[in-house]
Protein chains: 4
Amino acid sequence: MSSARKKRPPAVRSDGARNRELLLAAAEQEFGEQGIAASVADITRRAGLAKGTFFRHFATKDDLITAIVEPHIEVLDSAARAQLDAVEPGAALLEFLTVAAGQRQQRDVSFLLRAGSAPARVTMLRDRLFDTIAQLVDRALASGALRNDITATDVILLMCAPIHVVEYLPNAQPDLWRRYLGIIFDGLRPEGAHPLPYPAPTPP
Amino acid sequence: MSSARKKRPPAVRSDGARNRELLLAAAEQEFGEQGIAASVADITRRAGLAKGTFFRHFATKDDLITAIVEPHIEVLDSAARAQLDAVEPGAALLEFLTVAAGQRQQRDVSFLLRAGSAPARVTMLRDRLFDTIAQLVDRALASGALRNDITATDVILLMCAPIHVVEYLPNAQPDLWRRYLGIIFDGLRPEGAHPLPYPAPTPP
Amino acid sequence: MSSARKKRPPAVRSDGARNRELLLAAAEQEFGEQGIAASVADITRRAGLAKGTFFRHFATKDDLITAIVEPHIEVLDSAARAQLDAVEPGAALLEFLTVAAGQRQQRDVSFLLRAGSAPARVTMLRDRLFDTIAQLVDRALASGALRNDITATDVILLMCAPIHVVEYLPNAQPDLWRRYLGIIFDGLRPEGAHPLPYPAPTPP
Amino acid sequence: MSSARKKRPPAVRSDGARNRELLLAAAEQEFGEQGIAASVADITRRAGLAKGTFFRHFATKDDLITAIVEPHIEVLDSAARAQLDAVEPGAALLEFLTVAAGQRQQRDVSFLLRAGSAPARVTMLRDRLFDTIAQLVDRALASGALRNDITATDVILLMCAPIHVVEYLPNAQPDLWRRYLGIIFDGLRPEGAHPLPYPAPTPP
DNA sequence: AATGAATGAGGCTTCATTCAT
DNA sequence: CATGAATGAAGCCTCATTCAT
């Protein structure tokens, strides 16, 4: 016991990878609270790092946004794929939409849906996600779980609505979006569907 | 004597009221394109005026927003009241929501739903509108045109969704929102309604 | 009585001269309250006139200041001359200083004492005033009413001090300056004078 | 992605503390020349720094003023305290006034005497200084070195006068204020004092 | 690799001044 | 002659980004 030499510090991962995570986490929180207007200073302060460190990890604030959004899209895509061979395609679609909204970072995803100038990688991931969703929708349509005047684009467009709707309420309960997803999904069901006054758009 | 300034180039005189309209129009467009972050400089440039002129018409950027939003709320309230004694309360509510979305300035209205710090007058107008909508909803509920687990707050929150949904699509047809209003309204109907997984929120 | 024709209006001096006076009066008040930072808009508002009218009467804000200051200097000069042949030169000087401070627009006069770039006319008037004061001082010196190490320049420099001193006090009584003129003038008297640690400056 | 900005030219790194001093020095000079109206741009230009750097050191222009004024008040207070137990209270007061004026930053102190809205700390320091001066005055009064109709408030008000008086002279010798302090202090002595025409004000 | 000081463009707002009506 | 709308320079301040240490 006496001759033990513990010189090396306990390996506190203060390395680059850790700081990157700190920054991403801080950024998601700040963006969540203040919207995209959150400043780099806010983010680094929350992360407990210096501004210079921020730019070592992300060349640009926009790059950070991309870095936040990319994994979200990938997670959504996995969630969608996980439902592709479910036995009840209607329930599978609803489950996917629930998981998706539950990420509560759809907010960030919607940045992208608009973004005219998204980086190539993001565009590609997004297109892949949309394709997966389209498969989910097709299966639900085929099974009769969805009204037949609905398209995948409709579902994609409506996907973020529950989250956005809830954002109008200053102090909403965190799970309130479930209510509006329920209502909107009921609107997608075949029972009691009224003819729609306008044709479906072409996909983005 | 100290405050002498350099000579200034001419100034063109035009109709004050007209410039105010120019500014309001330019502002609605810029806000539509860039969100509330659109700068006063952008707005005046689009209006073809000098920055100083902006502040002659609106003491503050916030004042401009108020000036844009107030009449929209008033128009919405009128549209709602016009449906208060319709014979078919369900159709009346749908008609109101259609007129409201048709204004396509709901986007601006939604600024307000969030705005914790709206000017007193705006808050008052908004509360009046919400009250009118509540009456519309009550009548629709009483007539059985709405599923009975829906509240006025639900309708208010969902009111702007069709417009927002469509905004994700870069080059959407101008009337595409009608489609999504149709879908969402179908979700509010009693036929085929599934129990909602979360209770209604309390009004703002 | 029946054939009288009173067509002409009752000659309400709404002519240029009257507006000029309105502007000068408003300016003195605003400058008094807000200092030289008072804006042209403030002044014209107080005068009940339009900004354009201001610039019809004064090409420049600086011109207005000159227009305010000139008559003050002239009045001071008259006041000084009125004391030139008084029988008691010491009392005469004190009387002049009292009248001068009493104008309470010394504040404005002091603008000038600094002003490197005063218009020619103002410089001339000022020099004339200084010359008159010098005569007053010479007579007081000759009569033994002033300590003999004092010069006219000293008196000129000290002339505005009582007003300035009082300006530090936010809610000073309007006549408080009399107290400090008394103290300072006592410092100029021969009785109890201590040798001064620094020689008199040369006149501006 | 929207917030991309153009590339910025290099940035020179230097000692933070040093730049703060540069800014303080530049500010004192600019304020001395142009009064409190000196702009942040003027100050940073004089300091050879960028505008942004200013706000890194002082959150606000007002903060800069506070930063300038605070140490001056503290130095004055020390100077006053150093005289509290002098054997000749009259000479002690004169010595304090001399040291105070010698700082030649009284000018800045006078900002404060007016400032209705000074930060709490400044108000506190100022009150402490005034209290110390009051002790000095009381002792001088008790020793018979001051005329007995004088109060501490009088001395405080007159304290800055020598500096201000000299400011009227464009190219005054730097020590000319000593002359006017001499004159004014003679006015405070008991010998040859004439009754004052106005009562002492209450302290601020 | 991390830090944080420095940078300067750009945002909102004020104000002297010009000029069409 | 008066009016008041328009102008744009300038003021204060914020923030993404760069770079010496």
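We use all heavy atoms of the structure for the numbers below, so side chains are in, but hydrogens, waters and symmetry mates are not. Below, read A as the first sequence line, B as the second, and so on, with proteins coming before strands; counting in each chain starts at 1.
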Separation of [X] atom [atom1] from [N] atom [atom2], in whole Å?
| X | N | atom1 | atom2 | value |
| --- | --- | --- | --- | --- |
| D/Leu49 | F/dC13 | CG | P | 17 Å |
| B/Leu23 | E/dC12 | CG | P | 13 Å |
| D/Phe54 | F/dC12 | CZ | C1' | 9 Å |
| C/Arg20 | F/dC1 | CZ | C1' | 16 Å |
| A/Asp62 | F/dT17 | CG | C1' | 12 Å |
| C/His57 | F/dT3 | NE2 | C1' | 12 Å |
| A/Phe55 | F/dC15 | CZ | P | 13 Å |
| A/Glu30 | F/dA16 | CD | C1' | 16 Å |

Whichever of D/Ala38 and A/Ala38 has its nearest DNA chain F nucleotide further upstream toward 5':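 Result: D/Ala38.
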
From the options [options], select the nucleotide whose nearest atom is closest to the side chain of [X].
| X | options | answer |
| --- | --- | --- |
| D/Lys51 | E/dA1, F/dG4, E/dG10 | E/dG10 |
| A/Thr53 | E/dT3, F/dT7, F/dA2 | E/dT3 |
| A/Arg56 | F/dA2, E/dT13, E/dA2 | E/dA2 |

Within the 4.0 Å heavy-atom criterion, would you say B/Lys61 contacts the bases, only the backbone, or no part of the nucleic acid?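 Sugar-phosphate: the residue B/Lys61, judged by heavy atoms under 4.0 Å, touches backbone atoms but no base.
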
Within the structure shown, what part of the strands sits under 4.0 Å from B/Ser39 by heavy-atom distance: base, sugar-phosphate, or nothing?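 Contact class for B/Ser39: sugar-phosphate only.
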
Both distances under 3.5 Å, Watson-Crick or G-U wobble: report the partner of [N], or none.
| N | value |
| --- | --- |
| E/dA20 | F/dT3 |
| F/dG11 | E/dC12 |
| E/dA1 | none |

Just by distance, with hydrogens left out, do B/Asp42 and B/Ser39 show a side-chain donor and acceptor under 3.5 Å apart?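 Yes.
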
Rounded to the nearest 0.5 Å, what separates atom CG in D/Leu64 from atom CZ in D/Phe31?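 Going from the CG atom of D/Leu64 to the CZ atom of D/Phe31 covers 5.0 Å.
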
E/dC12 phosphate, OP1 or OP2, under 4.0 Å from B/Thr60 side-chain N/O: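 Answer is no, no contact under 4.0 Å.
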
Is the distance from OP1 or OP2 of E/dA1 to the nearest side-chain N or O of A/Asn19 less than 4.0 Å?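 It does not, given that no N or O in the side chain of A/Asn19 lies less than 4.0 Å from OP1 or OP2 of E/dA1.
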
Could you walk me through whether C/Glu28 and C/Glu33 pass the side-chain contact (heavy atoms from CB on, under 4.5 Å) test, one step at a time? CA-CA 9 Å; C/Glu28 286 202 36; C/Glu33 290 172 15; over 6 Å; no

Closest nucleotide of DNA chain E for B/Gly52 versus for D/Gly48: which of these residues is on the 5' side?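 Mapping each residue to its closest nucleotide by heavy atoms, the 5'-most match is D/Gly48.
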
Could you say whether D/Ala50 or B/Ala41 is positioned toward the 5' end of DNA chain E, judged by the nucleotide with the nearest heavy atom to each?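 On the 5' side of the pair lies D/Ala50.
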
Provide the closest heavy-atom pair for C/Lys61 versus C/Ile36 in the form atom of the first, atom of the second, distance.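 Between these two residues, the closest heavy atoms are NZ-O, 3.2 Å.
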
Is there a side-chain contact between A/Phe55 and A/Val40 (heavy atoms, below 4.5 Å)?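 The answer is yes, as the side chains (C-beta and beyond) meet within the 4.5 Å cut-off.
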
Output yes when a side-chain donor or acceptor of D/Thr66 lies under 3.5 Å from a complementary backbone atom of D/Asp62, and no otherwise.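 Between the backbone of D/Asp62 and the side chain of D/Thr66 there is a qualifying donor-acceptor contact (under 3.5 Å).
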
